[in-house]
Amino acid sequence: MKVTELFGSNVFTDEVMKNSLPKEVYKSLRKTIDEGEPLDSSIAGAVANAMKDWAVSKGATHYTHWFQPLTNLTAEKHDSFIEPSGDKVIMQLTGKNLIVGEPDASSFPSGGTRATSAARGYTAWDPTSPAFVKEGTLYIPTVFVSYTGETLDKKAPLLKSMTALDTQTKRLLKLFGIACRKVSTTVGPEQEYFLVDKDVYEQRKDLMLTGRTLFGALPSRGQELEDHYFGTLKPRISEFMRDLDETLWSYGIFAKTKHNEVAPAQHELAPIFTTTNVAVDDNQLTMELMKKVAQKHNMVCLLHEKPFEGVNGSGKHNNWSLSTDTGINLLDPGETPEKNTCFMLVLACVIAAVDNYQGILRASVASAGNDHRLGANEAPPAIISVYLGDQLGAIVDSIVLGREYVPKKAVPGSIGVPESPIFPIDTTDRNRTSPFAFTGNKFEFRMLGSQASVADPNIVLNTIVAQAFADAVDALSGAQDFETACKAYTEKLFKEHYRIIFNYNGYGPDWEPEAERRGLLNNKTTADAIPECYKRENIDVFVRQGVYTEKEVIARANINLENYIKVINIEALTMLEMGKQDIYPAVNAYVAELCSVIAAKRAVSEKMSCKADTALAEQLSKMNDAFADAMKKLEKDLSEMPAGEGPASQKMAHVILPDMDAVRTLADGMEKLCASDYWPYPTYTELLYSIR
């Protein structure tokens with residue numbers, strides 16, 4: 001099948017809707033999707049019937065309300081289309097069943113918003129995200145709320161944040177005489193991942209239970225030769241990527257770019273940007289399909305942020321932009337940004353938002369896995385800062401510092417031979433160490449973890465920028481000389497929030513002390529980052545913009561801390577199990593073998609040298625004793641966990657994780673000394689280089 005025919009073949013696309021719905025029904029549904037008009041419930045029956053007929057023609061027998069609970073995963077409960085008709089059945093999907101579902105909500109995280117006994121929950125159709133057929137089931141994207149109305153998912157607040165930003169942006173644009181029906185954020189989340197051989201994976205208990213290696217000495221060759229990045233694809237990897245592309249295209253996902261990433265066995269997939277809520281759905285589906293397609297090729301896709309120590313971790317770069325339905329990209333600086341009053345105000349508002357709410361922006365990407373990644377190997381540090389590049393940086397410097405701005409133009413470049421094509425040299429470079437970097441006509445938020453939902457950071461981004469726009473409108477409305485007032489307000493924002501702009505190396509040794517001097521937050525762990533969500537000013541911004549209630553903000557913070565504690569607890573228990581049952585006995589067995597060799601040599605001749613064997617046996621024996629002591633300390637500290645998410649998360653971050661590091665350091669050292677036949681697990685070399 002041609003790609004153009006394959007693309008979207010499993011999706012209830014606009015073309016399918018147009019061909020299968022009555023004209024007035026189609027027009028009404030499009031107004032809801034395109035303009036945010038309330039859904040006319042009277043059309044639900046016609047839409048449901050058309051959707052069912054199409055799904056059945058694709059082999060579907062069931063439907064499900066597909067939603068995103070507060071677990072970073074998706075959830076689904078399948079119901080068949082069959083309805084009794086005498087002693088036979090008919091295939092039916094009613095308008096009511098399309099619009100509303102009623103799954104049990106009792107076993108999903110709620111963060112204290114309801115009692116466990118309050119089990120009722122509702123799913124409600126999100127018509128702005130297309131339905132699709134997968135594995136014999138019609139998937140209907142929905143939001144998920146509790147019986148009392150609190151949101152229990154990531155989709156509902158995301159949609160609310162998009163509405164808030166749409167509302168406030170249109171208010172701002174009205175001051176400039178710009179009219180539009182809708183303003184939308186668009187996102188293109190790049191996705192990094194590792195692929196390992198399934199047979200090797202299944203011999204690693206830590207990978208199976210936690211998604212990362214809790215033990216593992218560095219291989220003799222890691223990523224230091226820098227030869228894997230953009231390197232030639234191995235045949236099995238190439239076949240996987242081709243299969244994955246075709247699978248994603250069939251679901252209407254704009255998979256565009258694929259390549260090897262920096263670390264051995266690491267790869268990346270990048271989609272074309274699309275509307276944020278659709279991009280979130282697409283990314284959730286992408287992660288699921290990556291794992292399933294990998295299984296078909298006898299491989300396992302690892303989405304953990306740091307599955308292997310000592311090499312690059314995996315992130316998910318969030319390319320965020322803001323556009324009107326009339327085609328105006330509000331983050332496009334144009335040829336002369338210094339003269340573009342609207343762009344400069346929008347830029348200043350975004351910078352102010354990031355500075356004012358840096359705490360919750362950092363918290364939005366906080367997780368146990370991501371804590372291992374931030375601050376090294378091309379992942380930005382935990383300090384939020386904004387990179388503007390040479391051109392915009394010079395403009396802002398001229399405003400704040402009173403310097404003369406000399407416009408910088410893109411110039412042609414060449415390698416200096418006649419055959420070489422002329423290529424444009426941009427007006428700015430890229431900064432791979434910046435967490436929030438301007439990249440031409442969008443911002444790239446680089447702190448996201450590879451296995452996390454992209455909903456959370458986009459909820460925060462949309463909300464805080466909406467608030468910044470609302471503040472700007474309040475300050476500028478009624479100004480007699482709008483142009484002068486706008487420039488003055490823009491200058492005020494740049495000066496007040498200049499501290500958040502950093503155009504240099506985020507890995508440099510001077511940045512942390514400089515950030516501290518500037519008063520920027522440096523919350524390196526989730527335990528330190530999440531408490532920002534409990535602060536009054538951070539709760540208020542969500543409440544003012546109608547994105548969360550105070551109860552919902554606190555609930556999500558509670559859930560994040562609970563998850564952090566549970567993840568580290570599982571990792572610690574897995575480490576103890578592997579250490580006690582496998583590593584400690586294996587090292588003892590090898591020491592016993594060395595002692596047998598020493599005894600055999602001495603039996604032959606007292607003069608036979610046993611120094612090397614004896615030294616190795618003594619070294620391993622001492623290390624294994626220390627290993628046992630380190631495990632005892634970890635076990636003891638784990639058993640004495642304080643009550644409450646705050647104190648428990650602090651202990652996990654600052655006691656349990658260092659305990660685990662001590663256990664691992666000893667084990668990895670012994671792995672380097674132990675005979676390979678005795679070591680109980682596949683090594684990093686086998687994990688990273690087994691796929692050909």
Side-chain angles (χ1 to χ4, degrees), residues 1-16 51 54-64 66-68 72-76 78 129-141 187-198 201 211 233-261 265-275 277-304 314 316 450-454 691:
M1 185 184 294
K2 295 179 180 178
V3 173
T4 51
E5 296 172 357
L6 175 66
F7 191 85
S9 57
N10 289 324
V11 182
F12 193 65
T13 60
D14 179 72
E15 182 180 358
V16 175
M51 207 179 273
W54 169 80
V56 169
S57 74
K58 303 288 293 182
T61 57
H62 289 68
Y63 69 93
T64 182
W66 187 59
F67 58 100
Q68 299 172 29
N72 279 333
L73 302 172
T74 57
E76 54 199 61
H78 297 232
S129 188
F132 56 92
V133 167
K134 182 169 71 72
E135 298 164 359
T137 297
L138 171 65
Y139 281 70
I140 303 166
V187 169
E190 303 168 25
Q191 180 72 57
E192 295 173 342
Y193 60 98
F194 282 81
L195 288 173
V196 297
D197 187 86
K198 184 182 177 186
Y201 166 87
L233 299 176
K234 296 173 182 176
R236 284 179 68 188
I237 302 299
S238 182
E239 284 300 312
F240 160 81
M241 288 183 170
R242 178 180 177 181
D243 193 354
L244 178 62
D245 275 342
E246 292 177 353
T247 303
L248 294 176
W249 291 337
S250 75
Y251 290 104
I253 296 172
F254 296 99
K256 177 73 172 176
T257 304
K258 57 186 181 184
H259 60 84
N260 289 343
E261 253 299 332
Q266 188 185 32
H267 314 280
E268 181 177 301
L269 179 149
I272 298 171
F273 66 87
T274 188
T275 308
N277 66 308
V278 176
V280 168
D281 285 359
D282 284 353
N283 186 251
Q284 290 293 147
L285 187 54
T286 295
M287 290 190 288
E288 177 193 330
L289 293 172
M290 278 178 158
K291 294 177 181 178
K292 289 185 175 180
V293 173
Q295 290 280 344
K296 286 170 56 180
H297 294 263
N298 201 40
M299 294 187 288
V300 174
C301 176
L302 302 177
L303 292 175
H304 194 283
S314 294
K316 184 145 48 187
S450 53
Q451 63 184 334
S453 167
V454 296
I691 296 176

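Predicted model only: the values in this text are computed from it and were never measured. These values consider heavy atoms only, across backbone and side chains, with no hydrogens, waters or symmetry-generated copies.
Taking D281 as the reference, K155 meet the salt bridge (charged side-chain N to carboxylate O under 4.0 Å, His left out) condition, with sequence neighbours excluded.
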**Study point:** Full working for side-chain contact (heavy atoms from CB on, under 4.5 Å) between V280 and Q68
**Key:** CA-CA 10 Å; V280 168; Q68 299 172 29; 3.4 Å; yes

**Study point:** Verdict with supporting geometry, N283 and Q191, side chain to side chain donor-acceptor pair (under 3.5 Å)
**Key:** CA-CA 8 Å; N283 186 251; Q191 180 72 57; 3.1 Å; yes

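For the pair R242/E246, a side-chain contact is recorded, criterion being any heavy-atom separation below 4.5 Å from C-beta on. The closest side-chain heavy-atom distance from R236 to H297 is not below 4.5 Å. At a threshold of 4.5 Å between non-hydrogen side-chain atoms, the residues E15 and T13 count as touching. Counting heavy atoms from C-beta outward, K292 and E135 have side chains that approach closer than 4.5 Å. Contact annotation: the side chain of V300 approaches that of Q295 to within less than 4.5 Å [non-hydrogen atoms, C-beta and beyond].
Here the closest non-hydrogen pair linking P141 and S129 is CG-O, 3.5 Å. The two residues F240 and M290 make their nearest non-hydrogen contact at CE1-O, 3.7 Å. Shortest non-hydrogen contact noted between L269 and T286 is CD2-CG2, 4.5 Å. Minimum heavy-atom separation, I253 to L285: CD1-CD2, 4.0 Å. In this structure, L138 and A60 approach most closely via the heavy-atom pair N-CB, 4.2 Å.
Judged by distance alone, the side chain of K58 and the main-chain N or O of S9 form a donor-acceptor pair under 3.5 Å. Side-chain atoms of K134 do not come within 3.5 Å of backbone N or O of Y139 as any donor-acceptor pair. Counting only distance, with no hydrogens or angles, the side chain of S314 and the backbone of L303 share no donor-acceptor pair below 3.5 Å. Under the 3.5 Å distance criterion, the side-chain polar atoms of K316 are left unmatched by any main-chain donor or acceptor of V454. The main-chain N or O of M299 is never found under 3.5 Å from a side-chain atom of K198 such that the two would form a donor-acceptor pair.
Counted within 6.0 Å of CD on E5, heavy atoms from surrounding residues, nucleotides or ligands total more than 12; the atom is thus considered enclosed. Within a 6.0 Å sphere centred on NZ of K256, heavy atoms belonging to other residues, nucleotides or ligands number 12 at most. Taking a 6.0 Å sphere around CZ of F273, one finds it holds 12 or fewer heavy atoms contributed by other residues, nucleotides or ligands.
In this structure, CD1 on I237 lies 14.0 Å from NE2 on H259, to the nearest 0.5 angstrom.
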